[in-house]
Amino acid sequence: MSARPKDLQAPFDVARVRADFPLLTRTVHGKPLVYLDNANTSQKPRAVIEAVDDFYRRFNANVARAVHTLGDEATTAYEATRDKLARFINAPSRDEIVFTSGTTQAINLVAYSYLLPRIEPGDEIVVTTMEHHANIVPWQILSDRAGAKLKVAPITEKGELIVEKFIELLTPRVKLAGVVHVSNVLGTINPVAELARAARKRGIPLLVDGSQAMPHLPVDVRALGCDFYALTGHKMYGPTGTGALWARKELLRDMPPFFGGGEMIREVRFDGTTYADPPHRFEAGTPNIAGFVGLGAAIDYIGSLGRERIAAWEHELLEYATAALKTVPGLRIFGEAEHKAAVISFLIDGAHAHDLATLLDHEGIAVRSGHHCAHPLMQFYGVPATVRASLAFYNTREEIDRFVEAIGRVRKLLG
Ligand SMILES: Cc1ncc(COP(=O)(O)O)c(C=O)c1O
């Protein structure tokens, strides 16, 4: 018997959920919007918009600087999000949550604060073919600086990581391995716990890019057993310019700061400055305070829906959309992993991805076309771009019907 609260056991009421998202009521080119670009950024529920608005209306002040009431209220609200996020990902301590502007900054923080002081010529870093540029380029820059080498674990045609090959690459020269939890192009859910066990056995820290997992799956960093988990707030219904790095306390403790400035110091002297403890050591300057207050509201909102329920509903939508798309002649889906989140990349014979996306926009349907910041993955499949429909829990079967019908019309236009 489940001990979960009653409202989390009820069927997913998508109509009620949609009513929480003001933007979903708008039209585009005279048609009701169908927003299928959620992997790019998701729409924001009223609770998030109101939290940001409320911050500026009632208690806007800088954090951790002022003793006055507004400063105290702003700091309390900002720091409350750290507690919420720690609980949300089951982090052992709130002090292991470093606020960043997003995943990109979080990964760069690991590159410069953790790895740069440790890496030597001839050392290696391992990533996979399906990484976003955010989990490739920082390692390339670092490898060039340090004389190290980036090694790439291969994937199958279906878009699944070849786990044995990833593990084979974990040699004694490897100083860090990185993997995306959920691919932003293929939707593939990688077996992070298994990879983390293999890396741990060899004493190699594993960094997980959780950008696309956070909006779709329950994430538990203790159960995953990884060492670093990078995430971005705007894809999980929070404001842009928010995100975090979770890292084990013992790793953070030994990391020097990456950015220097206000708020990250203990004492500044011209003969030697000392730094604050983590996480503040890594949070120089005035942060996106209102954004983090909004992120706290997003976490509460997702929690109120229930992440298992979100995952189950999105899975239903994914299966429905995949089956419908497979009936379209000449349509090829990229990414058919057994464990997959609600992201569908595709192409149609003879049609350019950008033309498809542009014509769909004229039908009120927002999808992304392009390389999705994953050039190496495009090179793997031998295509310059794909069209990507990425779903969220507020999408409906009716929207998918409209999307597939529109593809049928667009295909004829382009054919
Ligand atoms: C898998 C993945 N990693 C990293 C990023 C970068 O996130 P941000 O631009 O919010 O830093 C994205 C965003 O598209 C992503 O999908």
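This one's a predicted model, so the numbers in the text were calculated from it and none came from an experiment. Heads up: numbering here begins at 1 and tracks the sequence.
- For the pair F282 and M255, the tightest heavy-atom approach, listed with the atom from each and the gap, is CZ-O, 3.4 Å.
- Counting heavy atoms of neighbouring residues, nucleotides and ligands inside a 6.0 Å radius, atom NZ of K165 does not exceed 12 of them.
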### Task
Assess whether side-chain contact (heavy atoms from CB on, under 4.5 Å) is satisfied between I136 and L150, documenting all intermediate values.
CA-CA 9 Å; I136 299 175; L150 188 63; 4.2 Å; yes

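- Using a 4.0 Å cut-off between charged nitrogen and carboxylate oxygen, K340 and E319 do not count as a salt-bridge pair.
- Taking every heavy atom of both residues into account, P239 and L295 meet most closely at CD-N, 3.5 Å.
- In terms of modelled atom types and a separation under 3.5 Å, the side chain of N90 and the main chain of A223 share no donor-acceptor contact.
- Using a 4.0 Å cut-off between charged nitrogen and carboxylate oxygen, D53 and R57 count as a salt-bridge pair.
- T156 places a side-chain N or O within 3.5 Å of a backbone atom of E160 that can act as its donor or acceptor partner.
- Using a cutoff of 4.0 Å between basic side-chain nitrogens and carboxylate oxygens, E73 and R58 are not scored as salt-bridged.
- Under a 4.0 Å N-O distance rule, the pair E363/R409 qualifies as a salt bridge.
- A cation-pi arrangement is not found for R248 relative to Y229, the charged atom failing to lie both closer than 6.0 Å to the ring centre and inside a 45° cone about the ring normal.
- At a threshold of 4.0 Å, the pair E399-R18 counts as salt-bridged, since one of the basic side-chain nitrogens sits closer than that to a carboxylate oxygen.
- For E194 and R200, the salt-bridge test fails: no basic side-chain N is under 4.0 Å from an acidic carboxylate O.
- Of the possible donor and acceptor atoms, one in the side chain of K151 sits under 3.5 Å from a partner among the backbone N and O of L169.
- With D277 as the partner, the salt bridge (Lys or Arg N to Asp or Glu O under 4.0 Å) test is satisfied by one option alone out of K249, R266, R253: R266.
- Screening L195, N190, N135, V179 against V208 for a side chain to side chain contact (heavy atoms under 4.5 Å, CB included) leaves a single residue, V179.
- K149 and D123 are not joined by a salt bridge, as no carboxylate oxygen comes within less than 4.0 angstrom of a charged side-chain nitrogen.
- Pairing each heavy atom of H216 with each of A311, the nearest pair is O-CB, 3.4 Å.
- F393 and Y237 have tilted rings, their planes meeting at an angle from 30° to 60° on a 0 to 90° scale.
- Identified under the ring pair (Phe, Tyr, Trp, His ring centres under 6.0 Å) test for residues 318-337, with sequence neighbours left out: F334-Y381.
- Under the 3.5 Å distance criterion, the side-chain polar atoms of R281 are matched with a main-chain donor or acceptor of A276.
- For the pair G187 and V343, the tightest heavy-atom approach, listed with the atom from each and the gap, is CA-CB, 3.8 Å.
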### Message
If you apply the rule side-chain contact (heavy atoms from CB on, under 4.5 Å), what do you find for V52 with F55, and how did you get there?
### Response
CA-CA 5 Å; V52 173; F55 171 78; 5.7 Å; no

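- For T188 (side chain) and G159 (main-chain N/O), a donor-acceptor pair under 3.5 Å exists by modelled atom type.
- When ring centroids are compared, H375 and H132 stay outside the 6.0 Å threshold.
- Using modelled atom types, one finds no donor on one side chain facing an acceptor on the other under 3.5 Å when comparing E79 with T75.
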If you look only at distance, which donor and acceptor atoms sit under 3.5 Å apart when one is on a side chain in residues 346-359 and the other is two or more places apart or in another chain?
{"unit_1": "H352", "atom_1": "ND1", "unit_2": "H354", "atom_2": "N", "d": "3.0"}
{"unit_1": "H354", "atom_1": "ND1", "unit_2": "S369", "atom_2": "OG", "d": "2.7"}
{"unit_1": "T358", "atom_1": "OG1", "unit_2": "H354", "atom_2": "O", "d": "2.6"}

#### Entry: F258 and Y114: CA distance, side-chain angles, deciding distance, ring-ring contact (aromatic ring centres under 6.0 Å, His included) verdict
CA-CA 9 Å; F258 170 33; Y114 175 77; over 10 Å; no

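- Shown here for L115 and I125, the closest heavy-atom pair between the two residues is CD2-CD1, 3.7 Å.
- With salt bridges taken as basic N to acidic carboxylate O contacts below 4.0 Å, none links R82 and D95.
- In this structure, the side chain of R402 engages the main chain of P32 through a donor-acceptor pair within 3.5 Å.
- Using a 3.5 Å distance cut-off with no hydrogens or angles, the side chains of H181 and D209 do not pair a donor with an acceptor.
- There is a side-chain donor-acceptor pair under 3.5 Å between S211 and T103.
- Side-chain atoms of T386 do not come within 3.5 Å of backbone N or O of R388 as any donor-acceptor pair.
- Inspection of the H234 and S42 side chains reveals no N or O donor paired with an N or O acceptor under 3.5 Å.
- Inspection of the N288 and T242 side chains reveals no N or O donor paired with an N or O acceptor under 3.5 Å.
- Ring-plane geometry between F99 and F292 is classed as parallel, the angle between the planes falling under 30 degrees on a 0 to 90 degree scale with a further cut at 60.
- At distances below 3.5 Å, not a single donor-acceptor pair connects side-chain atoms of D227 with backbone N or O atoms of L207.
- S113 contributes a side-chain N or O that, together with a main-chain N or O of P256, makes up a donor-acceptor pair within less than 3.5 Å.
- Of the possible donor and acceptor atoms, one in the side chain of Q212 sits under 3.5 Å from a partner among the backbone N and O of A39.
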